[in-house]
Protein chains: 2
Amino acid sequence: MSYESEKLAATLKAAREKKGLSQRALSAHAGVPQSHISKIESGAVNLTVSSLTAIANALDLELALVPRKAAPAVRTITRSINDVPKATPEARKEIARLAKQLEHIQSLKIDSPVFENLQRQFREMRQFENLIRNTDTLRSIREALKAVENAGGVAALQEASKQMNSFRNALAHGIADEERTRLPRPAYRLDGDNDE
Amino acid sequence: MSYESEKLAATLKAAREKKGLSQRALSAHAGVPQSHISKIESGAVNLTVSSLTAIANALDLELALVPRKAAPAVRTITRSINDVPKATPEARKEIARLAKQLEHIQSLKIDSPVFENLQRQFREMRQFENLIRNTDTLRSIREALKAVENAGGVAALQEASKQMNSFRNALAHGIADEERTRLPRPAYRLDGDNDE
DNA sequence: TCATATGATACATTAAAGTAGATCAAGCGC
DNA sequence: GCGCTTGATCTACTTTAATGTATCATATGA
């Protein structure tokens with residue numbers, strides 16, 4: 001058995017045990033015989049994708065093919081979810097406020113592509129919320145959004161969007177930076193945002 | 001075939017094409033028969049982990065089991081890695097002009113297969129727009145298209161299509177050249193074109 | 001001590017993945 | 001037209017994943 005296969009087997013076994021499932025219980029969920037699960041976990045078989053996904057899904061795991069360059073960041077994220085993924089109470093509170101603010105703006109029916117963009121950035125930023133150490137930027141974004149109601153309009157949205165984008169990128173970069181201390185790899189950039 | 005399998009197949013195929021490898025070239029790298037790669041990409045088989053990792057590794061991809069909660073973040077990162085380089089403003093501008101021109105021609109309801117062909121070539125060319133260093137050819141194509149309105153007709157379209165085709169191929173070759181510095185492999189061609 | 005649940009194993013069978021090789025039509029460059 | 005590469009498809013053969021069922025030793029608990 002290859003290294004990859006062994007790691008896979010270990011991951012599955014660990015995930016099952018973490019969920020407190022017996023092989024038979026998992027068998028029932030995944031529709032795969034217990035005998036086969038045993039073989040799989042011991043690395044005795046070269047399983048097929050169908051078996052793998054069946055078991056993985058039963059364990060709330062998703063099969064993914066990630067670019068090598070992204071792999072370290074992905075590992076970090078996965079680990080951060082598994083460990084103690086709780087954001088600080090302060091960050092959670094500030095995010096909740098921001099969400100409320102965005103909801104309010106939505107109710108104003110502004111309907112600008114800039115706003116849709118902002119909402120997407122907000123969602124993506126929240127994926128890294130456990131990494132937030134400092135809520136200043138979030139507060140600043142909320143401040144910017146207040147102007148939408150009064151005078152600012154779309155200009156205020158754009159300012160907020162700009163800040164949200166760089167904040168999200170900073171968080172993502174933070175992940176990469178963590179990894180770089182261990183792996184002498186070039187940086188990666190979170191692009192894909194061209195507010196033009 | 002399940003949805004997961006199809007997505008996997010599509011991912012592998014896209015990754016291979018992005019690297020500018022033929023199925024045979026990938027076959028050599030991954031140690032998997034070309035015939036089997038063909039089957040895999042068409043979703044005709046339920047592949048094993050060993051096949052999957054062999055091919056994935058040859059494509060600089062890594063197999064990962066990510067917790068469901070982490071999956072969206074992983075997708076965000078993966079996507080951000082994939083669209084790294086940006087086209088120059090000049091290239092973008094020229095492409096925009098060309099797009100407008102094509103839109104205009106479409107409004108003329110010429111309805112020739114040559115035009116459909118041209119549009120497809122245009123789309124395919126845009127996949128490499130980040131690689132454009134020189135916009136002369138694009139301008140030349142746009143010049144050729146002007147004749148469609150006046151006298152040229154289908155002949156002008158054919159001329160534009162021919163230029164578009166070779167321009168697209170040149171860009172694609174550029175990719176292959178980049179890859180060849182790392183992989184001592186034969187060139188790659190972008191097929192699927194029928195200017196008849 | 002007796003019952004139960006666990007994971008590992010055994011066995012026979014079936015379905016299919018994988019290999020090695022050849023062939024094919026289509027497209028492209030020359 | 002000619003030669004080459006492309007991806008798809010076929011054949012024949014071997015290997016093995018997966019199933020279904022059953023058993024086993026070992027904990028754990030009543």
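A note on names: the letters A, B, ... follow the listed sequences, proteins ahead of strands, and every chain is numbered from 1.
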Between CD1 of A/Ile40 and P of D/dT16 the distance, given in whole Å, is 16 Å
Starting from C1' on C/dT6, measure out to NZ on A/Lys13 and report it in whole angstrom. 12 Å
May I ask you to say what A/Leu47 touches in the nucleic acid, namely base, sugar-phosphate or nothing, with a heavy-atom cut-off under 4.0 Å? sugar-phosphate
Members of residues 25-35 of chain A that approach DNA chain C, where some heavy atom sits under 4.0 Å away: A/Gln34, A/Ser35
Just how far, in rounded Å, is P of D/dT14 from CG of A/Asn46? 20 Å
Are more than 12 heavy atoms, taken from residues, nucleotides or ligands other than A/Lys7, located less than 6.0 Å from that residue's NZ atom? yes
Rounded to whole Å, CG of B/Leu21 lies from C1' of D/dT6 at a distance of 13 Å
Taking only side-chain N and O atoms of B/Gln23, does any of them lie within less than 4.0 angstrom of OP1 or OP2 on D/dT6? no
Separation of D/dC4 atom P from B/Arg24 atom CZ, nearest Å, is 14 Å
Partners passing side-chain hydrogen bond (donor to acceptor under 3.5 Å, both in side chains) against A/Ser50 (at least two apart in sequence or in another chain): A/Thr48, B/Asn46
Atom NZ of B/Lys39 to atom P of D/dT11: distance rounded to whole Å? 11 Å
Quick one: does A/Ser161's side chain have a donor or acceptor within less than 3.5 Å of a partner on A/Leu157's backbone? no
Tell me the side chain to side chain donor-acceptor pair (under 3.5 Å) pairs involving residues 26-36 of chain A, sequence neighbours left out? A/Gln23-A/Gln34
A/Glu41 CD - C/dT6 P separation (whole Å): 13 Å
Would you mind reading off the distance between A/His36 atom NE2 and C/dG7 atom P, rounded to a whole angstrom? 16 Å
Where B/Leu59 and B/Arg16 come nearest, the two heavy atoms and their spacing: CD2-CA, 3.6 Å
Keeping A/Ser51 on the side-chain end and A/Leu47 on the backbone end, is there a donor-acceptor pair under 3.5 Å? no
Determine, step by step, whether A/Leu65 and B/Glu62 satisfy the side chain to side chain contact (heavy atoms under 4.5 Å, CB included) criterion, reporting the C-alpha distance in whole Å, the side-chain angles of both residues, the deciding distance to 0.1 Å, and the verdict. CA-CA 5 Å; A/Leu65 285 175; B/Glu62 202 165 287; over 6 Å; no
Select base, sugar-phosphate, or nothing to describe what A/Ser22 touches, counting heavy atoms under 4.0 Å on all strands. sugar-phosphate
Would you say A/Ser51 places a side-chain N or O within less than 4.0 Å of OP1 or OP2 belonging to D/dA18? yes
